[in-house]
Amino acid sequence: MSNISFQDGVVFYEGSANELIDVEIEDYVDELVFGEKMHDTVYNLLNVNKSFPQIRTIVIEEDVDKIQIWNRTFPNVKKVISYNKKFLSGNVLKGLGNSTGNVLKGLGNSTGNEIILFNSFVKEAWETIDLSEVSCIESHAFEDCKSGNIINDDDVVNFCYDAFKDFHGIANLPRLDGGGHVLGHILMDYQYDIPDYIKAISNAADFSGKAIRISDASLLYNIKTAYAPSKIELRGDKFNIIEIINIMRNFRLESLEILDDNQYLKTIDGILYTKDMRMLIKCSKNKSGRVEVPDGVEEIREDAFAYSNISEVIMPDSVKYIGERVFYGCRKLTHIKYSKNLTYIPKEAFSGCNALDLSHLFDNVKNIGSRVAMISGLINIPDGVENIAEEAFCFNNKDEDSKVIIPPSVKTVGLRSFYGAKNITVETKNGILPKGFFKAIGYQVYSNNSYSAISVTVDGKTCMVPPDEENAKTLDVYFEFYPFDPEIIYQHYADLETETRGDFMAFVYFNSKSIREREAAKKGLRKNSKEYINRLYFYSKHHPEDGENKEKLIKFLSYGFASEEAVKNLICMMEENKDTTLMAYAMDALKYYDMNNEFDI
């Protein structure tokens, strides 16, 4: 590491061509010169862990571009002398430039024309800090500073995230009538009635459990969630609706009240409406219990009740529109009275409403959006519904009693709209299924040991359907033109294009009560027995901790499903692997063919 010196007793060390990253200073030196090695010299001394309390004056030469230092490195600096257009002389380090930190809300982001306070140094409580021309406070600028005796701070409106970290002089700053301390136009701690000249709020200010009154809602963005107030009163109309929605979304408020002097918005019991009461915009997250939407409200906006603690909602019939995710994440919601003038359920309307009973949906609904809800048990689609979007309902795969009842009014159903349902009952007008029906119940993903079948009943005719992609495409094309017929399904059993077809046919054989269905499954098992046996043997050998595949293989051999070729092939694999654990079952299955020349289903 090369070094450079601009004065006696001081050595700087280079990190790159024009960056100096370390320094050694003799004890007798009390004035430090930041000299110019070349054009735009940078001093990055943030990794210097030494302190030089003897330094009282800093001198900055003309071509220095940037100085990054800690207060604790030069704690006793009393004067800065600058011959550089980018830095100002004074008793602190300040100058032009872009802040290195994340600038928080004031009048705007830091710009190249803005004067930034970089370091106050470690001023004692009685010392003065001159912030003339300063508008932005850099991160850690006041670290370890004890002085609140600040002058010429009228331009200060912006600050970076950690600007006031370990600032010990806040209690010595000027106070408002309500008790809050201010630095320039920045409110540093709690104040109930925040005056309009405040342009920013310190992110270290703690408002938790308290009420505030404010006119500029955007100032609340700086407040940490843990320090958020419990009640907000908004006066005037110097805020926009987006700011209010964000506040209600981010803070768990007990109440938000818009005072009467606002000409566009109003609040009633923690719920935000337009002034004319035609639109319900947002409900406070902490709102709980029963909500009766006032008659006359025509629209409930997207996310209006999302993540709130409400348990019941009564909608008047004046409501004609509700937005997406309107009740998203309302875990305590148990009952909704739906408007008779709503003919659709929007996307993700009840997603995460785990306590809500959707076994019987709402009258007058014609269209159901995507990802409406997670269902446990029964969903009875009301007659009148015509279109159901993709992934509308998701069922728990472990719920064997999950059931969907589809009326004859349904015309189209989207991809995976009944994902995970085990039992589907459909009533039709002429035997023609809703368009996309098999893709709606199919496309389901199962692990090797959790594959099952879907029981489909159409106009009283029942059969088991494999929940896989290729089969769904084929069946949808066929039954778009022809009435439902289980025989067509059975014909596809042996030709399923899926590696889990053996699991499906075995499931059907051992669970179906239909003789014809079991025959079709048995025929398919025999046709694909070699492939199925090899698959079960592979998994039982490579995953011995999971005994289910071994049990399936033993069962398959014991029932005589395997062809003679498949059994002999299995015996060869066992002999090659010197595997005797299943050999007895394979030999017993082979004896079956010594006694029976033909396999009779």
(request) Using the test salt bridge (charged side-chain N to carboxylate O under 4.0 Å, His left out), find all partners of Glu391 that sit at least two apart in sequence or belong to another chain. (result) Arg371, Arg416
(message) Restricting to side chain to side chain contact (heavy atoms under 4.5 Å, CB included), what partner residues turn up for Tyr227, sequence neighbours left out?
(response) Asp206, Ile223, Lys224
(message) Pairing donors with acceptors under 3.5 angstrom, does anything connect the side chains of Ser147 and Glu127?
(response) no
(message) Checking Asp144 now: which residues fulfil side-chain hydrogen bond (donor to acceptor under 3.5 Å, both in side chains) with it, not counting sequence neighbours?
(response) none
(request) Drop me the distance from Ile241's CD1 to Ile244's CD1, to the nearest 0.5 angstrom. (result) 6.5 Å
(message) Check whether Tyr190 forms a cation-pi arrangement with Lys210 (NZ or CZ under 6.0 Å from the six-membered ring centre, at most 45° off the ring normal).
(response) yes
(request) Identify, with sequence neighbours excluded, every residue that meets side-chain hydrogen bond (donor to acceptor under 3.5 Å, both in side chains) alongside Glu143. (result) Arg72, His140
(request) Could you tell me which residues satisfy side chain to side chain contact (heavy atoms under 4.5 Å, CB included) with Ala389, sequence neighbours excluded, listed by chain and number? (result) Ser370
(request) Check step by step if ring-ring contact (aromatic ring centres under 6.0 Å, His included) holds for Tyr43 and Phe12. (result) CA-CA 9 Å; Tyr43 287 84; Phe12 288 99; 5.0 Å; yes
(request) Report yes or no: do Tyr192 and Glu233 form a side-chain donor-acceptor pair below 3.5 Å? (result) yes
(request) Write out all pairs satisfying ring-ring contact (aromatic ring centres under 6.0 Å, His included) with one or both partners inside residues 267-286, taking only residues at least two apart or from two chains. (result) none
(request) For Lys275 and Asn262, indicate whether the former's side chain and the latter's backbone hold a donor-acceptor pair under 3.5 Å. (result) yes
(request) For this output row, return yes or no: ring centroids of Tyr328 and Tyr307 closer than 6.0 angstrom. (result) yes
(message) If the condition is ring pair (Phe, Tyr, Trp, His ring centres under 6.0 Å), which residues does Phe327 pass it with, not counting sequence neighbours?
(response) Phe305, Phe350
(request) Check whether any side-chain heavy atom of Ile21 sits under 4.5 Å from a side-chain heavy atom of Glu19, and report yes or no. (result) yes
(message) For Arg278, give me all partners under salt bridge (charged side-chain N to carboxylate O under 4.0 Å, His left out), at least two apart in sequence or on another chain.
(response) Glu298
(message) Taking side-chain hydrogen bond (donor to acceptor under 3.5 Å, both in side chains) as the definition, give me every residue that meets it alongside Asn367, ordered by chain and number, with sequence neighbours left out.
(response) Asn387
(message) Is it the case that the side chain of Ser284 and the backbone of Glu254 share a donor-acceptor pair, with hydrogens and angles ignored and the cut-off at 3.5 Å?
(response) no
(message) My understanding is that only residues two or more places apart in sequence, or in another chain, count here; which of them pass side chain to side chain contact (heavy atoms under 4.5 Å, CB included) with Leu46?
(response) Asn44, Gln68, Trp70
(request) Answer yes or no: is there a side-chain heavy-atom contact under 4.5 Å between Leu234 and Ile214? (result) yes
(request) Please list, chain by chain and in numerical order, all residues satisfying side-chain hydrogen bond (donor to acceptor under 3.5 Å, both in side chains) with Asp189, sequence neighbours excluded. (result) His181
(request) Quick one: list whatever passes side chain to side chain contact (heavy atoms under 4.5 Å, CB included) with Glu61, sequence neighbours left out. (result) Val33, Glu36
(request) Using only heavy-atom distances, determine whether the side chains of Thr41 and Asn18 contain a donor-acceptor pair under 3.5 Å. (result) no
